[in-house]
Amino acid sequence: MSTEGSVPLEKAIADKTAIIGIAGLGYVGLPLIRAFVAAGFRTMGFDVDQTKVDRLLAGESYIEHIPSDWIGKCIADKTFEPTADMSRMKEADAILICVPTPLSDSRDPDLTYVEDTTRTIAKTLRPGQLVALESTTYPGTTRDVMLPILEKSGLKVGKDFYVAYSPEREDPGNPNFSAEKIPKVVGGIDALSCRLACALYSHAVVDAIPVSSCEAAEACKIVENTYRSVNIAMVNELKMLFDRIGIDVWEVIDAAKTKPFGFQAFYPGPGLGGHCIPIDPFYLSWVARRVGMATRFIELAGEVNMSMPQYVIHQLQEALNESAKSIRGSKICLLGVAYKKDVDDMRESPSLELMEMLLNRGAELTYNDPHVPKLPTLRRYDMSHMESVELTPEFLASQDCVLIATDHTAYDYADIVKHAQLVIDTRNATKQVTEGREKIRKA
Ligand SMILES: NC(=O)c1ccc[n+]([C@@H]2O[C@H](COP(=O)([O-])OP(=O)(O)OC[C@H]3O[C@@H](n4cnc5c(N)ncnc54)[C@H](O)[C@@H]3O)[C@@H](O)[C@H]2O)c1
């Protein structure tokens, strides 16, 4: 295996003549393209969704924090070439895979997208190419699942081509941490693969941190997300306890975080959302089951976090009950369908579950979200007839209850509380509101 000395790809990376191909042009892939273009590379974007490719070719962004102007400019100057023609993968010197890694219905890892993409790459794999997986997955995926598919091409890793794993840490909508500002952990199948991948990423992001193997890098990403899931579950549980004994959990967390060491603030909410935190820890549970172990922290955190929508509905029911009302027949407007503030992403959003629970209980339900004007057809929920309503004072006053599920910055919370009859606040979004606090119930 040629782990010593320089290989042509190293020079192409150093002088930025290497063409970077990104497979999967979603929330992770597009920002990564932007980071490589900003670093001075020519990029190609591959996606099986022809509609996305067509929109990009027309200079149109479908991700809120990636401006259309920027797409148009890159298409015009050819620094970004989107295509659904996978045979063109042979033109890229490095191919970075950013495709979905969901859970199956039985909550097992679903690697279909990773396997399909790898098979496509294998069809045109040529000597000198670097293939790096970025999708979140369990330790062992790159070596045990991807590598055998790639080597079916007849080429040998370390000699003919290179393979690495580098987890994406994108935080969509976070103005302080765009892709290029987030360090990347890199693990290679061998030392040369790791060196090449580190060299490549260090052009595009602030730092590339090598670890000893793909498995260490894969585990690193899952540890990061499990850490969040477990800590969020803890504060969610404490929220329920503190509510019962008359203590405001948000006040306690804000006080605790004044400790300059040993405490990191996590906040309760209506449940977990997004593509990562509700899903990734279960990739690790699956690995544990295979080796005869249980991951009790992960399971417990999942259980607590998944029970949160139920808790919110219970609180809402209690609050309506105080005015002799039931959920059935009540006008309820949910604010924020995106899974977190200031984004338009609804994947796994607890708001959708809350909406479904309210509809099942007979509420006259509406929603508002400045980032989601209309609900698309979703895998688990069909609410595609619903459109975001305007929050006029008259509309707010006509509602039996306003349920704040996501604390978008665009909302005028004082105005919402002023006009609403009852506000259920799952995010402490009304923290600064001074007038009408008797109408607010935290949940
Ligand atoms: N969204 C996040 O904030 C985030 C953060 C860190 C890590 N991740 C991880 O990154 C990965 C991608 O997530 P995402 O949010 O960008 O997903 P996404 O759904 O936004 O984008 C994935 C894209 O891949 C395309 N695709 C599917 N199969 C393909 C194939 N065979 N070839 C080419 N393209 C294909 C889809 O059409 C889609 O456009 C996941 O593993 C996720 O867990 C996501």
Side-chain angles (χ1 to χ4, degrees), residues 21-35 44-56 61-66 82-89 92 95-103 109-124 131-138 141-142 145-146 149 165-174 177-179 181-185 205 217-218 220-229 272-284 338-349 376 378-379:
I22 309 251
L25 301 174
Y27 284 92
V28 165
L30 262 193
L32 200 60
I33 294 260
R34 187 151 77 151
M44 297 179 76
F46 299 92
D47 205 293
V48 286
D49 185 342
Q50 184 68 51
T51 327
K52 279 189 176 161
V53 171
D54 290 342
R55 287 177 74 178
L56 292 169
S61 174
Y62 41 76
I63 291 182
E64 209 175 23
H65 56 281
I66 302 283
T83 177
D85 179 358
M86 303 298 162
S87 67
R88 294 195 59 198
M89 281 191 177
I95 303 173
L96 315 179
I97 305 173
C98 310
V99 297
T101 42
L103 289 174
D110 175 0
L111 289 183
T112 322
Y113 299 97
V114 171
E115 287 167 349
D116 286 352
T117 311
T118 312
R119 271 192 286 273
T120 308
I121 295 170
K123 278 186 199 157
T124 59
V131 181
L133 178 63
E134 299 231 355
S135 305
T136 308
T137 186
Y138 61 81
T141 306
T142 310
V145 179
M146 284 180 60
I149 299 175
Y165 178 82
S166 179
E168 186 48 56
R169 289 166 155 171
E170 179 72 8
D171 187 13
N174 185 334
F177 290 106
S178 48
K181 292 193 182 133
I182 307 172
K184 271 177 90 56
V185 168
V205 302
E218 288 161 336
C220 171
K221 171 71 187 182
I222 300 212
V223 165
E224 291 167 15
N225 285 351
T226 302
Y227 168 77
R228 292 187 61 195
S229 171
L272 289 185
H275 191 286
C276 297
I277 318 290
I279 293 173
D280 304 345
F282 292 101
Y283 268 61
L284 206 51
Y339 79 90
K340 68 170 185 175
K341 75 173 183 184
D342 303 339
V343 301
D344 59 356
D345 189 351
M346 282 168 294
R347 287 176 298 177
E348 310 292 323
S349 174
L378 295 151
R379 199 156 61 104

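When a residue number appears, it is its place in the shown sequence, counting from 1. Order of listing sets the numbers, starting from 1, for every ligand and every atom in it. Just so we're clear, the structure is a prediction, and the values are computed from it rather than from any experiment.
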Report the part of Pro167 (side chain from C-beta onward, or backbone N, CA, C, O) that has a heavy atom under 4.0 Å from ligand 1; answer both or neither where that applies.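 Neither part.
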
For ligand 1, is any non-hydrogen atom under 4.0 Å from Cys98's backbone (N, CA, C, O), its side chain (CB onward), both, or neither?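 Contact part for Cys98 vs ligand 1: backbone (N, CA, C, O).
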
Once salt bridge (charged side-chain N to carboxylate O under 4.0 Å, His left out) is applied, do any residues pair with Lys221, and if so which ones, sequence neighbours excluded? none

Report, in ascending order of atom number, the atoms of ligand 1 lying under 4.0 Å from any heavy atom of Thr101. 40 (C), 41 (O), 43 (O)

Quick one: do the Thr83 and Asp85 side chains pair a donor with an acceptor below 3.5 Å?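 Thr83 vs Asp85: no donor-acceptor pair found between side chains.
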
Regarding ligand 1, does Lys52 bring an N or O atom to under 3.5 Å of one of the ligand's N or O atoms?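 Among all N and O atoms of Lys52, at least one is under 3.5 Å from an N or O of ligand 1.
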
Could an N or O of ligand 1 be found under 3.5 Å from any N or O of Thr117, whether backbone or side chain?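 The answer is yes, given that Thr117 and ligand 1 share an N or O pair closer than 3.5 Å.
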
Listed by chain and number, what are the side chain to side chain donor-acceptor pair (under 3.5 Å) partners of Glu115, not counting sequence neighbours?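 Applying side chain to side chain donor-acceptor pair (under 3.5 Å) to Glu115 gives none.
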
Output yes when Lys181 and Asp171 qualify as a salt bridge under the 4.0 Å nitrogen-oxygen rule, no when they do not.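 A salt bridge is absent here (no side-chain N lies under 4.0 Å from a carboxylate O).
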
Just to check, does Glu134 reach to within less than 4.0 Å of ligand 1 when the distance is taken from its heavy atoms? no

From Asn174, Val99, Leu30 - option closest to atom 40 (C) of ligand 1 by heavy atom: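 It is Val99 that holds the nearest heavy atom.
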
Where the closest heavy atom to atom 28 (N) of ligand 1 is concerned, which of Tyr283, Tyr339, Tyr113 has it?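 Looking at heavy atoms only, Tyr113 sits closest to atom 28 (N) of ligand 1.
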
